[in-house]
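Quantities reported herein were computed from a predicted structural model and do not represent experimental measurements. We name chains A, B, ... by the order of the sequence lines, and we start the count at 1 in each one.
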There are 2 protein chains.
Amino acid sequence: MVVDKFRVTPWEVSGEVDYNRLIEEFGTKPLTDAQIKKIEQIAGKSHHMLRRRIFFSHRELDILLKEYESGQKFALYTGRGPSGNTHMGHIIPWIFTKYLQDAFDAPLYFQITDDEKFLCKPDLSLEETNKLAYENALDLIALGFDPKKTFIIVDTDYAKSLYKIAIQVAKKVTASTAKSVFGFTNETNIGMYFWPALQAAPCFVPSIREGKNVRTLIPAAIDQDPYWRIVRDVAPKLGYLKTAAIHNVFLPALTGPTGKMSTSSGQHATVFTTDDEKTVRKKIMKYAFSGGRDTVEEHRKLGGNPDIDSSYQWLRFFEEDDEKLKQVYLDYKSGKLLSGELKQILVDKINGFLKIHQKKKEEMRGRLDEFLLKD
Amino acid sequence: MVVDKFRVTPWEVSGEVDYNRLIEEFGTKPLTDAQIKKIEQIAGKSHHMLRRRIFFSHRELDILLKEYESGQKFALYTGRGPSGNTHMGHIIPWIFTKYLQDAFDAPLYFQITDDEKFLCKPDLSLEETNKLAYENALDLIALGFDPKKTFIIVDTDYAKSLYKIAIQVAKKVTASTAKSVFGFTNETNIGMYFWPALQAAPCFVPSIREGKNVRTLIPAAIDQDPYWRIVRDVAPKLGYLKTAAIHNVFLPALTGPTGKMSTSSGQHATVFTTDDEKTVRKKIMKYAFSGGRDTVEEHRKLGGNPDIDSSYQWLRFFEEDDEKLKQVYLDYKSGKLLSGELKQILVDKINGFLKIHQKKKEEMRGRLDEFLLKD
């Protein structure tokens with residue numbers, strides 16, 4: 001979608017995103033208080049990403065919840081394009097997906113698109129994207145997913161099953177549609193043209209594996225929504241249920257409050273799950289956009305602006321404790337908390353998370369095979 | 001290729017084909033006496049399809065023969081699109097391929113494109129094209145191919161291996177190229193856009209399976225050449241050898257001397273390998289285009305025209321004995337042989353062939369698995 005002040009497509013997010021406008025333009029629905037309450041009730045506990053409306057939009061959530069309450073299970077589906085190391089923005093929907101898996105006892109199908117990243121990145125070989133795929137998979141597994149109900153699909157490992165489904169999708173999608181939804185041109189390679197069909201395939205894998213119609217729920221950042229519009233069109237034509245979706249806002253780049261964090265925003269704007277303590281500290285201290293005043297005196301007197309401060313914004317995603325977060329907000333706004341101090345709170349939070357995360361990744365390295373779906 | 005009087009693309013052959021013009025337009029080379037002699041010398045015997053220039057054009061044959069003589073083996077690659085029963089036109093290159101396999105002790109990779117026929121035929125399901133694939137495979141096997149060196153690839157059975165190769169091809173081919181080579185439009189489905197890459201993949205399977213660079217030689221009707229122009233462009237970019245090709249003219253439709261026989265020319269114009277004796281007799285007697293005169297008297301006096309007579313033209317493809325063929329030609333031309341008698345000769349020839357062929361198909365039905373390459 002392109003409007004005057006911002007741009008959101010699966011490949012580009014820029015400008016100051018107006019999420020209400022995005023709901024309208026994409027044709028999704030805002031997540032309601034009643035829906036949040038219902039999810040929390042089923043889960044038996046709340047989640048800060050719901051409370052803070054980090055997840056803010058959905059498709060078909062009402063019907064999915066109604067089906068669930070009448071005894072119909074659903075499957076979760078999300079994924080990762082392995083073009084580099086995983087960063088903190090990628091794992092936002094994964095953290096929430098773990099909550100959903102526990103709450104709804106739902107299997108998770110997780111697609112890692114080594115084929116797509118090979119096709120769309122001129123400089124990456126298939127060997128490289130495939131290797132990154134397994135590294136990225138460890139970032140998912142480290143979050144505590146249950147190997148009995150978590151099925152990781154590295155595309156080239158499961159290509160036989162996926163291809164058979166993908167050609168059924170592809171037969172229903174014209175080049176014209178692919179061009180308008182994904183912005184393909186005549187110079188785009190023919191692998192990319194086909195690829196939306198391959199990304200749709202995992203939506204139907206749960207139904208095929210379980211031998212009955214299983215709806216999938218896709219937790220993902222809102223920019224990924226166009227992919228699922230094609231699968232939603234095609235699903236009923238192939239006899240499957242339409243996929244449901246729940247969308248999150250973007251983790252802003254460290255360097256500023258607009259767009260979303262991505263590897264292409266530059267190394268400084270991004271914290272990777274592979275960064276060591278020192279690197280995290282340096283990135284945040286040096287590059288995190290500050291909502292503080294020019295001098296300590298001024299800051300003490302007038303207070304900072306947490307709404308544009310990247311460190312505070314990041315804490316909204318990663319600090320689960322509402323009271324702590326509120327105190328940071330108030331202290332920063334009042335001028336009690338200085339920018340350097342706020343940054344230090346974020347450094348500690350991220351490094352605390354990564355210390356455990358990196359340890360778990362190494363612990364799980366030998367158990368990767370338990371999660372992989374192969375032909 | 002489209003010219004004033006005829007049209008040859010992978011999907012359409014119509015009009016009176018000027019094969020010399022085709023060589024020029026496609027940029028292939030005419031098969032020379034020296035090349036034919038060389039092949040016959042290696043084979044230790046001649047083949048009527050070479051002697052009669054049913055195979056008439058090639059690409060890279062000189063280099064292939066030179067490599068062979070210096071000890072480098074090559075692989076054969078041809079195939080079949082399973083949109084219906086196999087007809088007599090399809091098996092022309094297969095009969096010749098058997099001769100080449102024996103002559104050069106070459107492995108044959110035979111692709112059966114259940115995926116493509118599903119994608120391009122609105123009314124065919126994947127189950128149907130897949131079922132036809134195995135039936136069509138029996139038509140190949142019945143010709144006597146050696147299971148130890150014949151590898152049949154039904155696309156959806158070998159999709160994992162093919163997909164990994166195909167995306168490497170696809171990355172090098174733009175939609176623009178696919179449009180111009182295959183006539184795709186914006187309304188063509190995205191599966192077809194990708195499909196040329198999947199058809200290219202088996203060219204590289206011999207190299208991958210044998211762990212060294214193996215050139216492939218593609219015996220096929222000339223209308224299939226555009227497919228291989230893409231693979232020939234891409235092969236060196238991926239570190240493979242360019243494919244060689246040897247092209248045959250089209251078996252004309254029974255009903256007339258122009259175009260090529262195809263299922264879409266109508267059931268009457270086509271003899272299927274599944275037709276029973278009575279059906280073959282009826283089709284030839286009733287529908288074979290005749291080069292004879294209007295009355296017996298006139299025919300006896302002026303003679304017939306074998307050059308436009310479908311029965312005679314078919315005998316050029318199926319009667320291996322030069323002397324017999326020559327006698328038929330002379331007798332028909334002189335008026336000694338009547339049109340009904342010429343048709344009877346063809347009926348006996350085709351029914352004789354099909355009797356053995358159909359028996360072999362049934363004998364080999366239980367041995368199909370010995371030939372299939374699966375992931």
Side-chain angles (χ1 to χ4, degrees), chain A residues 113-127 129-130 154-182 184-201 230 234 238-239 374-375, chain B residues 113-127 129-130 154-182 184-201 230 234 238-239 374-375:
Chain A
T113 62
D114 57 344
D115 53 346
E116 181 224 2
K117 288 304 169 193
F118 164 68
L119 285 166
C120 76
K121 300 280 179 186
D123 297 336
L124 284 178
S125 72
L126 190 53
E127 289 70 30
T129 59
N130 186 253
V154 175
D155 280 346
T156 58
D157 280 346
Y158 200 55
K160 186 174 181 174
S161 301
L162 294 179
Y163 184 71
K164 272 192 240 188
I165 308 168
I167 57 176
Q168 313 226 27
V169 174
K171 193 173 179 175
K172 310 277 187 199
V173 181
T174 63
S176 180
T177 299
K179 280 178 163 184
S180 73
V181 174
F182 297 101
F184 295 158
T185 70
N186 283 338
E187 296 318 301
T188 304
N189 75 57
I190 58 174
M192 286 305 295
Y193 267 79
F194 178 61
W195 200 77
L198 210 104
Q199 190 175 42
I230 278 186
V234 170
L238 297 179
K374 295 195 179 193
D375 283 314
Chain B
T113 61
D114 57 344
D115 53 346
E116 181 224 2
K117 288 304 169 193
F118 163 69
L119 285 167
C120 77
K121 301 280 178 187
D123 297 335
L124 285 178
S125 71
L126 190 54
E127 288 71 29
T129 58
N130 187 253
V154 175
D155 280 346
T156 58
D157 281 346
Y158 200 55
K160 186 174 179 172
S161 301
L162 294 179
Y163 184 72
K164 273 191 241 188
I165 307 168
I167 56 176
Q168 312 225 29
V169 175
K171 191 173 180 175
K172 309 277 188 198
V173 181
T174 63
S176 179
T177 299
K179 280 179 162 182
S180 73
V181 175
F182 298 101
F184 296 158
T185 69
N186 283 338
E187 297 318 301
T188 304
N189 74 57
I190 58 174
M192 287 304 296
Y193 267 79
F194 178 61
W195 199 77
L198 210 103
Q199 190 175 42
I230 278 185
V234 169
L238 298 179
K374 294 195 180 192
D375 284 314

Taking only distance into account, with no hydrogens and no angle test, what donor-acceptor pairs under 3.5 Å do side-chain atoms of residues 167-176 of chain B form with protein atoms, sequence neighbours excluded?
from	atom 1	to	atom 2	distance (Å)
B/Lys171	NZ	A/Phe118	O	2.7
B/Lys171	NZ	A/Lys121	O	2.8
B/Lys171	NZ	A/Leu124	O	3.0
B/Thr174	OG1	B/Thr177	N	3.2
B/Thr174	OG1	B/Thr177	OG1	3.1

Query raised in the report: Heavy-atom distance under 4.5 Å to chain A: side chain of B/Thr156, backbone, both or neither?
Result: both
Report summary line: Pair count under 4.5 Å, heavy atoms only, with chain B: among A/Thr188, A/Asp114, A/Asn130, highest is A/Thr188
Query raised in the report: Non-hydrogen atoms of chain A under 4.5 Å away: do they reach the side chain of B/Leu119, the backbone, both or neither?
Result: both
Query - Heavy-atom contact with chain A under 4.5 Å, split by part of B/Ala178 - result: side chain
Report task. Kindly indicate, with the supporting measurements, whether the criterion side-chain contact (heavy atoms from CB on, under 4.5 Å) is fulfilled by A/Phe194 and B/Tyr163. Result -> CA-CA 12 Å; A/Phe194 178 61; B/Tyr163 184 72; 4.2 Å; yes
Query raised in the report: Quick one: side chain to side chain contact (heavy atoms under 4.5 Å, CB included) partners of A/Ser180, sequence neighbours excluded?
Result: none
Query raised in the report: What is the distance from atom NZ of A/Lys164 to atom CG of B/Asp157, rounded to the nearest 0.5 Å?
Result: 6.5 Å
Query - Which portion of B/Thr185 sits near chain A, non-hydrogen atoms under 4.5 angstrom - result: backbone
**Report entry** Atom group of B/Leu198 that falls short of 4.5 Å from chain A, counting heavy atoms
**Finding:** side chain
